[in-house]
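Note sheet for the following structure.
Below, chains carry the letters A, B, ... as their sequence lines are ordered, and counting in each starts from 1. Computed from a predicted model, the values in this text were never measured in an experiment.
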2 protein chains.
Amino acid sequence: MSEMSKSQTKNKSTGPTNAELEILRVLWSLETATVRQIHEVLTDGEKQTTFNTTLKMLNIMLDKGLVTREDVRRPHIYQAAIPEEQMQQQLVSDLLKRAFGGATRKLVAALTASDISNEELADIKQFLNDQEEKNDEHAN
Amino acid sequence: MSEMSKSQTKNKSTGPTNAELEILRVLWSLETATVRQIHEVLTDGEKQTTFNTTLKMLNIMLDKGLVTREDVRRPHIYQAAIPEEQMQQQLVSDLLKRAFGGATRKLVAALTASDISNEELADIKQFLNDQEEKNDEHAN
DNA sequence: GTTTAACAACGAAAACTTTCGGTTTCGCGG
DNA sequence: CCGCGAAACCGAAAGTTTTCGTTGTTAAAC
């Protein structure tokens, strides 16, 4: 924690890229997977890439520390290196800064501006109530 | 007139890039600005780019339809083509899809996971209440 | 032990984003 | 008019991200 402090502001979206995030989502859902499995899930949708492309992505992500793998035997078994929630927090925090100047309320406004069901709203409010209680507990 | 170049036709979820969003934010705050003005705001911060770079970005954004400009006289005057709120909704919606699989509650969870004051929480809940009322009014 | 098919590593091309240098055009003061 | 500095355009380099072809490697089948 010494020299990077100054030019660290350049660290904007050095998070996962688009393709990387897609793969992470598969890994989060499968817990653990081979390249073949990941590739099959990806190409179930609209993705039209070769196995090698997926493999290369996993290599890159391993380099970046986004995934870990078990390579004692073949097919190597991959795993997300970062929990889903943590990455999501990072992504939201990033967007909050980049597009909203940190104004949380504006983000919520944008989130609820589109059509959102009352069911979802109630769900969210329930969640916020729980959150508030937690805050109160810690405050005491 | 709007000769949509083929570059953008295949749009997946390719919103504004990072540099583009930075410029849009300046434009939203200034309403209207010359390249010089935009560039000055940008380089007030940590950005270290030349005037020409900013100019080029504006050209690109004009091509993409992200900005409009008045070029009857010489310093051309630029304006964001899309309102701030609309773009923010698009960005949030995009993140919601890409990182959360559409689970709004999860996004709110991520948003409130970091330390957030009860004040902010209350603010957000107030927002949600208003939204709910609107939904009820427009209920079909 | 040899063959075979899947797996992995590697490099490099393609696509996209950001940056900047060289040059032309414009508006204006002299 | 003339020249000068600011503004604009162009093309291409530099930097990322994504894709894929080629080549080696391994496990397992024969």
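Between Thr53(A) and the phosphate of dC20(D), there is a side-chain N or O to OP1/OP2 separation shorter than 4.0 Å. At the phosphate of dA8(C), OP1 or OP2 sits under 4.0 Å from a side-chain N or O atom of His76(A). In this structure, Arg69(A) reaches the dA9(C) phosphate: one of its side-chain N or O atoms is under 4.0 Å from OP1 or OP2.
Judged purely by atom type and a 3.5 angstrom limit, His39(A) uses its side chain to pair as donor or acceptor with the backbone of Thr49(A).
Distance, Leu55(A) CG to dG21(D) P: 14 Å, rounded to whole Å. In this entry the distance linking NZ of Lys56(B) with P of dT17(C) reads 13 Å, nearest Å. Rounded to whole Å, the distance from CD on Gln48(B) to C1' on dC20(C) is 14 Å. Atom CD1 in Ile60(B) sits roughly 15 Å away from atom P in dA12(D) (whole-Å rounding). Counting to the nearest Å, the C1' atom of dC28(C) and the CZ atom of Arg73(B) are 14 Å from each other. Summarising the geometry, the separation between CG on Asp63(B) and C1' on dC16(C) is reported as 15 Å, rounded to the nearest angstrom. Between Ile23(B) atom CD1 and dT17(C) atom P the separation is 14 Å, expressed in whole Å. The separation between His39(B) atom NE2 and dA8(D) atom C1' is 15 Å, rounded to whole Å.
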field: Intermediate values then yes/no, side-chain contact (heavy atoms from CB on, under 4.5 Å), Leu91(A) and Leu21(A)
entry: CA-CA 10 Å; Leu91(A) 289 170; Leu21(A) 185 55; 4.1 Å; yes
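Across every non-hydrogen atom of Ala113(B) and Gln89(A), the tightest pair is CB-NE2, 3.2 Å. Closest approach of Ala99(B) and Arg25(A) over heavy atoms only: O-CD, 3.9 Å. Pairing each heavy atom of Lys106(B) with each of Glu84(A), the nearest pair is NZ-OE2, 3.5 Å.
Residue-level contact check: Thr17(B) touches the backbone only, with heavy atoms under 4.0 Å from sugar-phosphate atoms and none from bases. Asp71(A) comes within contact range of no nucleotide atom at all, as no heavy-atom separation falls under 4.0 Å.
Of the residues in residues 25-38 of chain B, those with a non-hydrogen atom less than 4.0 angstrom from any atom of DNA chain D are Val35(B), Arg36(B).
Take the nearest nucleotide of DNA chain D for Lys64(A) and for Asn59(B): the residue whose nucleotide is more 5' is Asn59(B). Positionally, the nearest nucleotide of DNA chain D for Phe51(B) lies more toward the 5' end than for the other of Phe51(B) and Val72(A).
No side-chain donor-acceptor contact under 3.5 Å links Asn18(B) and Glu22(B).
Interface remark: the Asn52(B) side chain does form a donor-acceptor pair with the dC9(D) base, using a distance-only criterion of under 3.5 Å. Side-chain N/O atoms of Arg74(B) and base N/O atoms of dA7(D) include a donor-acceptor pair closer than 3.5 Å.
For Glu70(B), the CD atom sits in a loose shell: 12 or fewer heavy atoms of surrounding residues, nucleotides or ligands are nearer than 6.0 Å.
With distances taken from any side-chain atom of Thr49(A) to the nucleotides dA9(C), dC20(D), dT18(C), the minimum falls on dC20(D). Checked against dT18(C), dA8(D), dC20(C), the side chain of Met57(B) finds its nearest nucleotide in dT18(C). Which of dC20(C), dC9(D), dT19(C) sits closest to the side chain of Lys47(B) comes down to dT19(C).
Residues Thr50(B) and Leu55(B) form no side-chain contact, since every pair of their non-hydrogen atoms from C-beta on lies 4.5 Å or further apart.
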